Amino acid sequence: MAKIGGAFICLVIIIMDIVAGILGIEAELAQNKVKHLRFLVFECKEPSEQAFTLGLAAAGLLALAHVIANLLGGCICIWSQEDFKNSSANKQLAVACLVFSWIILAIGFGVLVIGAMSNSKSRRASCGMSHHNFLFIGGILCFVHGIFCVAYYVSATAAYGEQHKSHGMDQGRV
């Protein structure tokens with residue numbers, strides 16, 4: 001039963017990250033459909049309400065997928081390099097995936113928000129340096145985030161299971 005629940009959680013995380021990635025890419029496409037004038041590295045463009053909405057939705061789903069993976073994956077604590085070296089392979093993988101998922105979240109969420117805010121209604125046609133592909137990059141990072149979050153969840157639950165088996169054996173010997 002626990003395996004079915006774990007598979008369902010992984011599926012939910014992956015679906016959320018895939019939908020967030022698709023929304024980010026769709027936001028980029030919507031942004032590219034608005035009028036813009038480009039001269040070298042300078043560009044004037046109208047904001048796109050659709051790109052704004054899709055970009056914020058992508059950022060929200062990315063954050064929600066991250067919260068679900070971290071809450072349900074549990075807490076993996078390693079206090080020193082020695083502790084890291086002496087821990088199981090599952091625990092080491094969980095820590096590595098956790099670190100990478102946080103880095104990808106920070107970059108992906110930031111890029112999606114920057115891309116969305118550049119299309120806010122409060123901004124009129126803006127001119128300045130060309131800032132292309134923020135929403136597209138954020139969408140791609142959502143896919144990568146899904147991979148690391150699922151790897152974290154699976155390895156964290158495996159490490160948790162290993163830890164409880166070893167504690168159960170120790171208590172049985174006493």
Side-chain angles (χ1 to χ4, degrees), residues 1-30 50-117 133-174:
M1 185 69 179
K3 289 183 181 183
I4 294 172
F8 178 73
I9 291 168
C10 290
L11 188 62
V12 167
I13 293 167
I14 284 291
I15 288 172
M16 289 176 73
D17 276 319
I18 288 173
V19 170
I22 291 170
L23 289 175
I25 293 169
E26 287 294 322
E28 181 72 31
L29 293 174
Q50 184 182 10
F52 174 74
T53 305
L54 291 172
L56 285 184
L61 276 174
L62 176 65
L64 186 60
H66 190 77
V67 167
I68 289 171
N70 279 271
L71 286 178
L72 298 178
C75 179
I76 298 294
C77 298
I78 290 188
W79 302 104
S80 66
Q81 277 188 330
E82 185 177 322
D83 189 23
F84 182 76
K85 289 177 185 175
N86 294 333
S87 62
S88 70
N90 282 326
K91 194 169 185 178
Q92 290 178 354
L93 180 62
V95 169
C97 288
L98 180 64
V99 168
F100 283 125
S101 72
W102 274 100
I103 291 169
I104 293 167
L105 172 75
I107 296 169
F109 186 82
V111 168
L112 285 169
V113 169
I114 290 169
M117 295 313 288
N133 303 325
F134 279 138
L135 294 166
F136 180 78
I137 292 168
I140 297 300
L141 288 175
C142 289
F143 297 130
V144 176
H145 180 264
I147 293 167
F148 279 103
C149 278
V150 168
Y152 167 70
Y153 177 80
V154 170
S155 58
T157 54
Y160 182 75
E162 287 175 349
Q163 188 177 14
H164 279 311
K165 282 183 184 177
S166 68
H167 286 327
M169 286 187 225
D170 291 342
Q171 289 176 352
R173 291 183 188 165
V174 175

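This one's a predicted model, so the numbers in the text were calculated from it and none came from an experiment. Worth knowing before you read on, the calculation uses all heavy atoms, side chains too, and leaves out hydrogens, waters and symmetry mates.
- Taking CZ of F109 as the reference point, atom CD1 of I104 lies at 15.5 Å (rounded to 0.5 Å).
- Residues passing the side-chain hydrogen bond (donor to acceptor under 3.5 Å, both in side chains) test with T53, sequence neighbours excluded: none.
- The shortest side-chain heavy-atom distance between Y153 and I68 does not fall under the 4.5 Å cut-off.
- In this structure, E28 and F134 approach most closely via the heavy-atom pair OE1-N, 3.8 Å.
- Closest non-hydrogen pair, S155 versus N90, comes out as CB-O, 3.5 Å.
- Partner of I25 under the side-chain contact (heavy atoms from CB on, under 4.5 Å) criterion, chosen from I140, L54, I137: I140.
- Residue A59 comes nearest to V113 through the heavy atom pair CB-CG2, 4.1 Å, listed as atom of the first residue, atom of the second, then distance.
- The nearest pair of heavy atoms linking C149 to S101 is SG-CB, 4.0 Å.
- Here the options are I14, V150, I4, L72, the test is side-chain contact (heavy atoms from CB on, under 4.5 Å), and the partner is I9; only L72 passes.
- Annotation for G73 and A156: closest pair O-CB, 3.3 Å, computed over non-hydrogen atoms.
- Across L112 and G55, no two heavy atoms sit closer than the pair CB-O, 4.2 Å.
- Under the ring pair (Phe, Tyr, Trp, His ring centres under 6.0 Å) criterion, F148 pairs with F100, sequence neighbours left out.
- By the side-chain contact (heavy atoms from CB on, under 4.5 Å) test, L61 is found to be paired with M16, V19, A20, L23, residues two or more places apart in sequence or in another chain being considered.
- The aromatic rings of H66 and H145 sit tilted, their planes meeting at an angle between 30° and 60°.
- Distance check: I13 CD1 to L64 CG gives 10.0 Å after rounding to the nearest 0.5 Å.
- In this structure the side chain of N70 reaches within 4.5 angstrom of the side chain of L98, judged on heavy atoms.
- In this structure, CZ in F143 is found 6.5 Å from CD1 in I18, a value given to the nearest 0.5 Å.
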